[in-house]
**Student:** 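Just dropping this structure here.
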Amino acid sequence: MAEVVNITATAFANATSAVYQPTYLERQWLSFFEGKDYVIIRLAVILFLWHEFVFFSRFLPYYICDFIPYFRKYKIQDNKENTPELVWKCIKHVLVSQITLQLPMMMAFHPVATLMGMKFLEVPFPNWQTVALSCLFCLMAEDFYHYFAHRLLHYGQLYKKIHKLHHEYSAPFGLAAEYAHPIETLTLGIGFFVGPAILLACGVEMHVMTMATWLAVRLIAVVDVHSGYDFPWSLRNFLPCWGGSDFHDYHHMAFVGNYSSTFRWWDWMFGTDAAYNEWKKRQAAKKKVA
Ligand SMILES: *[C@@H]1O[C@H](CO)[C@@H](O)[C@H](O)[C@H]1NC(C)=O
Ligand SMILES: [Zn+2]
Ligand SMILES: [Zn+2]
């Protein structure tokens with residue numbers, strides 16, 4: 001009898017305890033940093049490995065598709081083949097850029113983000129609704145910034161000296177997503193931080209877990225649009241405003257137009273998508289007849 005009372009008392013104490021009980025994932029995250037030095041380096045290494053994991057594992061299925069004849073019909077530019085030499089050249093360039101440019105940026109991330117009020121070792125982690133909404137906002141903010149910065153990179157010397165490198169692959173494949181001049185990686189990379197910076201400035205809570213999810217979302221999207229494959233299950237078939245590979249692949253093929261990274265609306269609004277221009281032409285022709 002006494003035992004029963006005791007258990008009930010303990011359960012009650014636990015349930016009403018003000019001390020939050022972290023989940024398994026939260027405990028792992030905390031114990032990785034607890035009482036240890038080099039927090040900045042530890043965090044940078046985790047983010048770097050996360051980046052490598054998402055980037056290369058998202059590319060893998062596309063790479064496998066290249067060896068399966070069945071999937072050929074989904075290739076956007078079937079006539080162009082990327083030789084193993086071209087693929088290797090891309091991998092080497094991307095790895096050098098990731099180690100010499102992105103890793104140092106990840107080192108700078110902790111001090112800067114802490115200053116701006118980002119949460120790192122706070123639990124509980126944000127719930128999935130918060131993470132999803134934040135990611136959607138960041139995606140839209142990045143797309144907006146990307147449209148103008150990318151369009152600027154297509155002007156004269158900026159194109160010749162910087163952006164031309166990214167356009168070396170006129171029939172891109174997933175890894176070509178990060179094949180770019182260092183100045184381009186830095187300028188277009190700013191777009192990644194526009195959303196989080198706005199959210200923080202507006203006093204919205206941002207956790208490093210949200211950032212890690214946003215990083216994965218952005219990487220998956222950018223590898224997808226460069227994949228060279230347009231599958232029937234592409235998001236663009238369900239969301240008309242979604243660009244997808246169909247949209248960005250044309251940009252690599254035609255060199256002009258379709259400057260946005262994710263959505264179609266800015267190109268539509270500013271008339272830099274061919275479909276919009278054709279529609280305008282048809283409208284003008286109709287007016288003449290009338
Ligand atoms: C933009 O993408 C669409 C397909 O999504 C394509 O029909 C159009 O030609 C592209 N425009 C340009 C200028 O590349
Ligand atoms: Zn371009
Ligand atoms: Zn591209």
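Counting starts at 1 for both ligands and their atoms, in listed order.
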**Student:** Do Asp246 and Ser234 have side chains that approach each other closer than 4.5 Å (heavy atoms only, starting at C-beta)?
**Tutor:**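 A side-chain contact under 4.5 Å is absent here.
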
**Student:** Pick from His154, His166, His150: which one makes a ring pair (Phe, Tyr, Trp, His ring centres under 6.0 Å) with Tyr159?
**Tutor:**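 Exactly one pass, corresponding to His154.
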
**Student:** If a pair satisfies side chain to side chain donor-acceptor pair (under 3.5 Å) and one of its residues is in residues 106-123, list it, with sequence neighbours excluded.
**Tutor:**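 Applying side chain to side chain donor-acceptor pair (under 3.5 Å) to every pair that reaches into residues 106-123, excluding sequence neighbours, yields Lys119-Glu205.
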
**Student:** Between Lys75 and Asp230, does at least one N-O distance fall below 4.0 Å, as a salt bridge requires?
**Tutor:**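 So Lys75 does not pair with Asp230 through a salt bridge.
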
**Student:** Any luck finding a side-chain donor-acceptor pair between Asp249 and Tyr229 under 3.5 Å?
**Tutor:**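 There is no such pair between these side chains.
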
**Student:** Does this structure show an ion pair linking Asp224 with Arg58, if we count only N-O contacts that are shorter than 4.0 Å?
**Tutor:**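 Result for this pair is yes, salt bridge flagged.
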
**Student:** Which residues pass the ring-ring contact (aromatic ring centres under 6.0 Å, His included) test with His181, not counting sequence neighbours?
**Tutor:**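 Here no residue qualifies.
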
**Student:** Scan side-chain atoms only and decide if Tyr20 and Glu26 contain a donor-acceptor pair under the 3.5 Å cut-off.
**Tutor:**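 The answer is yes; a qualifying pair exists.
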
**Student:** If you round to 10 degrees, what value do you get for the angle at the Zn ion (ligand 2) between His154 atom NE2 and His163 atom NE2?
**Tutor:**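 NE2 of His154, the Zn ion (ligand 2) and NE2 of His163 span an angle of about 100°.
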
**Student:** Hey, what polar pairs (N/O, under 3.5 Å) does ligand 1 make with protein?
**Tutor:**
{"unit_1": "ligand 1", "atom_1": "2 (O)", "unit_2": "Asn258", "atom_2": "ND2", "d": "2.3"}
{"unit_1": "ligand 1", "atom_1": "5 (O)", "unit_2": "Asp246", "atom_2": "OD2", "d": "2.7"}
{"unit_1": "ligand 1", "atom_1": "5 (O)", "unit_2": "Arg264", "atom_2": "NH1", "d": "2.9"}
{"unit_1": "ligand 1", "atom_1": "5 (O)", "unit_2": "Arg264", "atom_2": "NH2", "d": "3.4"}
{"unit_1": "ligand 1", "atom_1": "11 (N)", "unit_2": "Asn258", "atom_2": "OD1", "d": "3.3"}
{"unit_1": "ligand 1", "atom_1": "11 (N)", "unit_2": "Asn258", "atom_2": "ND2", "d": "3.2"}
{"unit_1": "ligand 1", "atom_1": "11 (N)", "unit_2": "Ala274", "atom_2": "N", "d": "3.4"}

**Student:** Could you pull out the N/O/S protein atoms under 2.8 Å of the Zn ion (ligand 3), ignoring any water?
**Tutor:**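 His166 NE2, His226 NE2, His248 NE2, His252 NE2, with waters left out.
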
**Student:** Would you call Asp78 and Lys73 a salt bridge, using N to O less than 4.0 angstrom?
**Tutor:**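 Judged by the 4.0 Å cut-off on N to carboxylate O distance, Asp78 and Lys73 do not form a salt bridge.
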
**Student:** Quick one: do the Tyr147 and Thr272 side chains pair a donor with an acceptor below 3.5 Å?
**Tutor:**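 The answer is yes; a qualifying pair exists.
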
